[in-house]
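Note that these values count all heavy atoms, side chains included, but never hydrogens, waters or copies made by symmetry. Everything quoted here is computed from the prediction, not taken from an experiment.
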Protein chains: 2
Amino acid sequence: MSERTVEEYLESIGALEERESPVSTSSIAQVLEVSPASVSEMLRRLLRKGLVEYHPYGGAALTEKGRRRFLELTRRHRLWEVFLNRYLGIGWEDVYQPACSLEHATSDLVAEKLGKFLDNPDVCPHGSPIPKSNLKRPKVPGIPLADLEAGQAGKMVCVVSESNSKFLRYLTSLGLIPGAKVKVLEKASFDGTLTIEVNNSTKAIGREAASLIMVEPV
Amino acid sequence: MSERTVEEYLESIGALEERESPVSTSSIAQVLEVSPASVSEMLRRLLRKGLVEYHPYGGAALTEKGRRRFLELTRRHRLWEVFLNRYLGIGWEDVYQPACSLEHATSDLVAEKLGKFLDNPDVCPHGSPIPKSNLKRPKVPGIPLADLEAGQAGKMVCVVSESNSKFLRYLTSLGLIPGAKVKVLEKASFDGTLTIEVNNSTKAIGREAASLIMVEPV
DNA sequence: CATAAGAATAAGGCTATCCTAAACAATATA
DNA sequence: TATATTGTTTAGGATAGCCTTATTCTTATG
Ligand SMILES: [Mn+2]
Ligand SMILES: [Mn+2]
Ligand SMILES: [Mn+2]
Ligand SMILES: [Mn+2]
C-alpha cells in the first residue's frame, strides 16, 4: 500500500491551493507528471478517505484532515532540508529531492526530535516558512521581486520554485539568496526585465524569473 | 513502483545468509511476514533483475549485484541508527524502525555526507558493524554469551535481535549494553540458564536470550 | 522402496496505481 | 446561440504485490 502516493497528492494539492482554489485536475497532473485521468481516479479515492472535497468537473480542496496531513508533511520536508543543508553541507539547490523522500519516512517521534535538534527553525534554506507543531498554515511573506518598481529596494525572503536546481544555482551566481539586499535600478517597460543591484554589483534578471523571488520592500 | 519492497527482500536474504545458505523461501516469508507463495513469486522477479540466484525448490542467494545493494542498505540503516541515537537522543531500543524507513529514502550523496558527518562510525548502537563505503561484507564478531562457561568473562560487543524493543529494554535493565563487562558465575546444566555479574551486580538470564548476545571472551 | 509429512510452487483472485483512447462537459469564440 | 477548443471523466487494460487453495516436489521414515 503506497501511502507515499497519497502523500505526494496531498502535498501538490496543498501547494497549489496557494495560487488556485479549488485546484484543477490538470494542475495536479502537471505537477505530479501523471495523466489527468489518473488524477481524477485518485481524487475520488482521496474523497472516500475524507482528505479532499471534490465534485466532478469542480476541482479539489483539502479538508481539515487533509490540510493537517499536508502541513505535517511540509514541516517534515523543510526540517530535513535544514538538516541536510546545515549539518550535511548540501547546497540549497540540492536539498529538495532528498527531503521529498525523507519526509515520507519520518515518524512523529523522529519529527519531534529532529525539530528540537534543529532548534525548531522558522524557515527552510529557501526561506519558506516551516509550519509549527501546532500546524497552523504559515503565511508566505513578501511580494514578487518582479512587482518592484525602478528605484525600490527590498530584502529577499524566499524563492518559490524550490525544486529547480538549475534555477537555484543561477540565483546563487547572482548573489540572490534569502536575506540578500536587492535594489531595482531599471525595469524595461517592454517585457519587465529588471536591472538590479545585489552585493554592490549590477545584474539583469528576466521578469519570469523575478516573479519567483519574494522580497520584502524596504 | 515500490523499489522499497525489493530492498526489504534483499535485506532479509542478506541477513539470513549469515545463518543459512542458500536461503529458503519459508525463512524469507517468516521474516517479512508474507506468504511463501508471495516469496516464490518475488524470487522469480529478483532473478530476472539479476539480484539473486534462484532455482525452484533450491532456495536463493544474493548475486554480486544483490550483495552490493544489500550492503549499501545495511550501511545506510546503521548510519541512521547512529544519527537517531547520538544526535536525536532516541534510545537503542527505538532506532531500528525509523532507520528501516529512512534507509530507503537515502541517496548516494546523502549517505556519503551522513557518513562523514557521523565520522564514519564502525558500529551501530547495537554494536553491529557498519559496512564501509567500499562495501566489503563485515564480519560479525564475538561468540554468544550462552556459550561461555562458568568462570569465564567477556565484553559484550553486540546484540543480534536489533528490532525487538522489549528485549532491548530488558537488556538495558540488566546493564547489558555494548561494551559492558560480563562474568558468568554459574551455568545451570539443566537448561543453560546463566547467573552473571554485570556492573558489580548479579543477574540471571535465560539461555535463549543469552544466545542473542555476542561477547568477546577475555 | 513406498509413503507420509513438510516445503515450495502454480493457479486464480484482489487492490492500488498508472496508462491510452473515447466520451462528455465547460468555456471561449464567432 | 452555435461551434470549436480545452479540460475532465469513463472505459478498458496493464503491472506489482499480496493472498488463499490446490498441486507438485523433496525428504524423512518405516
Ligand atoms: Mn515527497
Ligand atoms: Mn525549501
Ligand atoms: Mn527497511
Ligand atoms: Mn543496529
Side-chain angles (χ1 to χ4, degrees), chain A residues 1-14 16-17 19-62 65-66 69-70 73 100-101 103-105, chain B residues 1-14 16-17 19-62 65-66 69-70 73 100-101 103-105:
Chain A
M1 68 168 110
S2 201
E3 178 64 10
R4 159 86 187 240
T5 309
V6 168
E7 296 186 341
E8 295 296 2
Y9 271 89
L10 293 180
E11 283 192 271
S12 314
I13 297 168
L16 285 166
E17 273 186 340
R19 331 272 237 49
E20 177 189 349
S21 182
V23 178
S24 70
T25 300
S26 53
S27 308
I28 303 168
Q30 200 183 345
V31 170
L32 292 178
E33 303 186 89
V34 127
S35 76
S38 300
V39 175
S40 277
E41 199 185 341
M42 189 56 151
L43 287 180
R44 251 182 294 120
R45 220 172 285 146
L46 295 178
L47 177 65
R48 259 190 276 114
K49 286 179 193 276
L51 294 165
V52 302
E53 271 173 62
Y54 169 57
H55 304 284
Y57 293 99
L62 294 179
K65 184 176 164 194
R69 198 101 194 69
F70 160 67
L73 286 163
C100 182
S101 295
E103 65 194 2
H104 309 286
Chain B
M1 72 168 97
S2 203
E3 176 66 11
R4 158 86 187 242
T5 308
V6 168
E7 296 186 342
E8 296 295 3
Y9 270 89
L10 293 181
E11 283 192 270
S12 314
I13 297 168
L16 285 166
E17 272 185 342
R19 333 271 238 48
E20 175 189 351
S21 180
V23 178
S24 69
T25 300
S26 53
S27 309
I28 303 168
Q30 201 183 344
V31 171
L32 292 179
E33 303 185 273
V34 129
S35 77
S38 299
V39 175
S40 277
E41 198 186 341
M42 189 55 151
L43 287 179
R44 253 182 292 120
R45 219 171 284 144
L46 295 177
L47 176 67
R48 259 191 276 114
K49 287 179 192 280
L51 293 165
V52 302
E53 271 174 64
Y54 169 57
H55 304 284
Y57 294 99
L62 294 179
K65 185 175 165 195
R69 199 100 194 69
F70 161 67
L73 286 163
C100 182
S101 295
E103 66 194 0
H104 310 286

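Comparing D:dT8, C:dA8, C:dC19 by their nearest atom to the side chain of A:E41 picks out C:dC19.
Of the side-chain N and O atoms in B:R4, none sit less than 4.0 angstrom from OP1 or OP2 of D:dG17. Contact check, A:R45 against C:dT17: a side-chain N or O comes under 4.0 Å of OP1 or OP2. Phosphate contact (OP1/OP2 of C:dC19, side-chain N/O of A:S38, threshold under 4.0 Å): present. When the side-chain nitrogen and oxygen atoms of A:Y54 are compared with OP1 and OP2 of D:dT8, none of them lie within a distance under 4.0 Å. For A:S26, a side-chain nitrogen or oxygen approaches OP1 or OP2 of D:dT8 to under 4.0 Å.
In this structure, A:M42 atom CE and D:dT8 atom P are separated by 18 Å, rounded to whole Å. Between the CG atom of B:L43 and the P atom of C:dA7 there is a distance of 16 Å, rounded to whole Å. Per the geometry, CD1 belonging to A:I28 stands 16 Å off C1' belonging to C:dC18, to the nearest Å. In this entry the distance linking CD of B:E3 with P of C:dA16 reads 22 Å, nearest Å. A straight line from CD of A:E7 to P of C:dT17 spans 11 Å, rounded to a whole angstrom. Per the geometry, NZ belonging to A:K49 stands 13 Å off P belonging to C:dT15, to the nearest Å. When the P atom of C:dT17 is taken as reference, atom OH of A:Y9 falls 9 Å away, rounded to whole Å. One can place CD of A:Q30 at 15 Å from P of D:dT6, the figure rounded to the nearest angstrom.
Here A:S35 lies in heavy-atom contact (under 4.0 Å) with a base. At a threshold of 4.0 angstrom between heavy atoms, the contacts of A:P36 include nucleobase atoms, whether or not backbone atoms are also involved. Residue contacts for A:V34: at a heavy-atom cut-off of 4.0 Å it reaches the sugar-phosphate backbone alone, with no base atom in range.
Nearest-nucleotide assignment on DNA chain C puts the 5′-proximal partner with B:S40, out of A:Y57 and B:S40. Both B:E33 and B:R48 lie close to DNA chain D; mapped to their nearest nucleotides by heavy-atom distance, the more 5′-ward contact belongs to B:R48.
Taking CD of A:E11 as the reference point, atom NE2 of A:H104 lies at 5.0 Å (rounded to 0.5 Å). To the nearest 0.5 Å, atom NZ of residue B:K49 and atom CZ of residue B:R44 are 14.0 Å apart.
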Check step by step if side chain to side chain contact (heavy atoms under 4.5 Å, CB included) holds for A:L51 and A:F70.
-> CA-CA 10 Å; A:L51 294 165; A:F70 160 67; over 6 Å; no

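Between the side chain of B:E7 and the backbone N or O of B:L73, no donor-acceptor pair lies under 3.5 Å.
More than 12 heavy atoms of other residues, nucleotides or ligands sit less than 6.0 Å from atom CD of A:E20.
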